[in-house]
Number of protein chains: 2
Amino acid sequence: MNAVAAENQGEQSSRERILDAAEGLFARRGYAGVGLRELADLVGLGKSSLFHHFESKPQLYAAVCTRILARIAARVDESLARGGAPMERLERVVDDLLDLLAAQPSDARILLRSLFEDDELAGETREEREGRELTAHIMASISALLREGMEVGQFRSVHVPGLLLSLIGQTVFPFASGEFGQEILGKDPFDPAEVKRRKRETRDLLRHGLLAPAGR
Amino acid sequence: MNAVAAENQGEQSSRERILDAAEGLFARRGYAGVGLRELADLVGLGKSSLFHHFESKPQLYAAVCTRILARIAARVDESLARGGAPMERLERVVDDLLDLLAAQPSDARILLRSLFEDDELAGETREEREGRELTAHIMASISALLREGMEVGQFRSVHVPGLLLSLIGQTVFPFASGEFGQEILGKDPFDPAEVKRRKRETRDLLRHGLLAPAGR
DNA sequence: CCGGCGACCGACCGATCGGTCGCCTCCCGT
DNA sequence: ACGGGAGGCGACCGATCGGTCGGTCGCCGG
């Protein structure tokens, strides 16, 4: 009955290969800019074979987004679970997030793109609802962390939702900026040295901007 | 004749109306997601009439982007020209930029989108080159301001290109985040009160994160 | 009164879009 | 030995894509 159960284990199956290729294409050209024939050619399948694994193009796109969100949610949960003071946890989760975005070059673009395009995804697919729930979970986790830091006095008083939006833009955008970012930086934003520098920069900004004066 | 409407801002004519409508559509659905027939219907023209004003779809898209960049470049130049200490100028230019993004709801999305999609704009149109020059001018102006602030000792030592990318993401993204941002904030990101709050937040982040310890 | 011109239009073009259909092939449980 | 289902294929569908073409209309200078 359930196709997932049949071919579950760590295979490099067609479904995964389709998702990988689709992720790269959607990141570069956006939802409407990707044709299924092109995707099928890239994977090495006939176009009609795609429909054996996904109902429709919107559902495929939702699957791509959900997979990314699941990766991120898992990493955030893992980072936060390792304990420590609020600032220690916050720095760790941001650090791990930067690592993940750097390791998956398509993720940042797809994440931002999906926020711009979701206006018209009217579907009530299970996949889309799962994506929204994952998003909500991630946001709630980090919000709770920020509030906790304020309550114990480690963070200065800030507007949590506003800071959350700023933080997302500041961390995700550089990895999505493509040629533009490369031109400004003078080097590839995904270069390991640059990623390391960006981690340092983000950490410094957090400490200067968020730490309460007394907490030093 | 009705001179007021006709020469209000140079032209209120078809060309401007096409650009206005195209800006909204591109912002919501992306370059590939907008059909010229749909655009023509929205403006109230026949599709073929669009080609009397623009050579092709890519050229139309470039014109939309260039118009936005020109608006921003003009505002930045104006803000910087009014003088003052580096931090005073920086806060003013960011403030004005937030005002502009808030007043033109499509701008933030198109700006970010254009960065994601420019990989395949292979054209060497005059319009595109103008857009790149405007971008370079804006970036160079703000970079120079940051460097000046560091040289006179008002800013702490930072990696200018890195901070530039962070700053763009942090300021532009919230206005492009659409429903997502609205859900997180609990209110419209373009609401005047929220814009005011965001200005305050950005200013505080700049002061905490950029100002040299001695300068406070 | 006329000739030219810019704005505009509907009809049309080949290509491509997302999606369907029927058929084949291989594997696997019985 | 064989039935069936999953995975894959190419041909095909109506719709829509960006773009072209020939022509109409109204205005404006001579």
Side-chain angles (χ1 to χ4, degrees), chain A residues 1-23 25-26 28-65 117 120-123 125 127-128, chain B residues 1-3 5-8 10-23 25-26 28-65 117 120-123 125 127-128:
Chain A
M1 176 183 280
N2 194 347
V4 179
E7 54 181 71
N8 195 359
Q9 269 304 343
E11 303 179 314
Q12 181 62 358
S13 181
S14 291
R15 189 185 158 99
E16 289 300 311
R17 281 169 46 229
I18 293 173
L19 285 175
D20 288 340
E23 192 172 312
L25 286 179
F26 282 139
R28 286 203 300 277
R29 279 197 278 288
Y31 175 76
V34 174
L36 295 186
R37 185 184 265 103
E38 175 189 16
L39 170 61
D41 286 348
L42 188 61
V43 181
L45 289 178
K47 186 185 58 154
S48 53
S49 298
L50 300 182
F51 291 89
H52 281 277
H53 302 280
F54 303 94
E55 295 177 9
S56 65
K57 191 190 183 187
Q59 201 267 351
L60 165 62
Y61 182 71
V64 168
C65 294
E117 316 202 2
E120 38 239 274
L121 294 184
T125 325
E127 204 96 31
E128 294 180 13
Chain B
M1 67 179 168
N2 193 350
E7 41 188 85
N8 185 4
E11 311 180 54
Q12 176 60 358
S13 188
S14 292
R15 189 185 157 96
E16 289 300 311
R17 282 168 47 228
I18 292 173
L19 285 175
D20 288 340
E23 192 172 312
L25 285 180
F26 283 139
R28 287 203 299 276
R29 280 197 275 288
Y31 175 76
V34 174
L36 295 185
R37 188 184 264 102
E38 175 189 16
L39 170 60
D41 286 349
L42 188 61
V43 182
L45 291 177
K47 186 185 60 152
S48 53
S49 298
L50 301 182
F51 291 90
H52 280 277
H53 301 280
F54 303 94
E55 295 176 9
S56 65
K57 192 190 181 186
Q59 200 267 351
L60 165 62
Y61 182 71
V64 168
C65 293
E117 316 202 3
E120 39 239 273
L121 293 183
T125 326
E127 204 98 31
E128 293 180 15

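Throughout, a chain's letter reflects where its sequence line sits, starting with A, and its residues are numbered from 1.
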More 5' along DNA chain C: A/Glu38 or A/Phe51, using each one's nearest nucleotide?
A/Glu38
Atom-to-atom span, [atom1] of [X] to [atom2] of [N] - whole angstrom:
X: A/Leu39; N: C/dC17; atom1: CG; atom2: P; answer: 11 Å
X: A/Leu36; N: D/dG10; atom1: CG; atom2: P; answer: 16 Å
X: A/Phe54; N: D/dG7; atom1: CZ; atom2: P; answer: 11 Å
X: A/Asp41; N: D/dG10; atom1: CG; atom2: P; answer: 10 Å
X: B/Tyr31; N: D/dC17; atom1: OH; atom2: P; answer: 13 Å
X: A/Lys57; N: D/dA15; atom1: NZ; atom2: P; answer: 19 Å
X: A/Arg15; N: D/dG8; atom1: CZ; atom2: P; answer: 13 Å

Mind listing the closest non-hydrogen atom pair of B/Ala62 and B/Glu128 along with its distance?
CB-CG, 3.7 Å
Treating primed atoms plus P, OP1 and OP2 as sugar-phosphate and everything else as base, which nucleotides of nucleotides 23-28 of chain C get B, S or - for protein heavy atoms under 4.0 Å?
------
Go through residues 42-50 of chain B and report each residue with a non-hydrogen atom lying under 4.0 Å from DNA chain C, sorted by number.
B/Gly44, B/Leu45, B/Gly46, B/Ser48, B/Ser49
CG of B/Leu25 to OH of B/Tyr61, rounded to nearest 0.5 Å, is 12.5 Å
Compare side-chain N and O positions of A/Arg37 against OP1 and OP2 of C/dG18 and report whether any pair is under 4.0 Å apart.
no
B/His53 side chain: which of C/dG18, D/dG7, C/dC8 is closest?
C/dC8
Expected list for residues 36-57 of chain B: side-chain donor-acceptor pairs under 3.5 angstrom, two or more places apart:
from, atom 1, to, atom 2, distance (Å)
B/Glu38, OE2, B/Arg29, NH2, 2.1
B/Ser56, OG, B/Gln59, N, 3.4
B/Lys57, NZ, B/Tyr31, O, 2.9
B/Lys57, NZ, B/Val34, O, 2.9

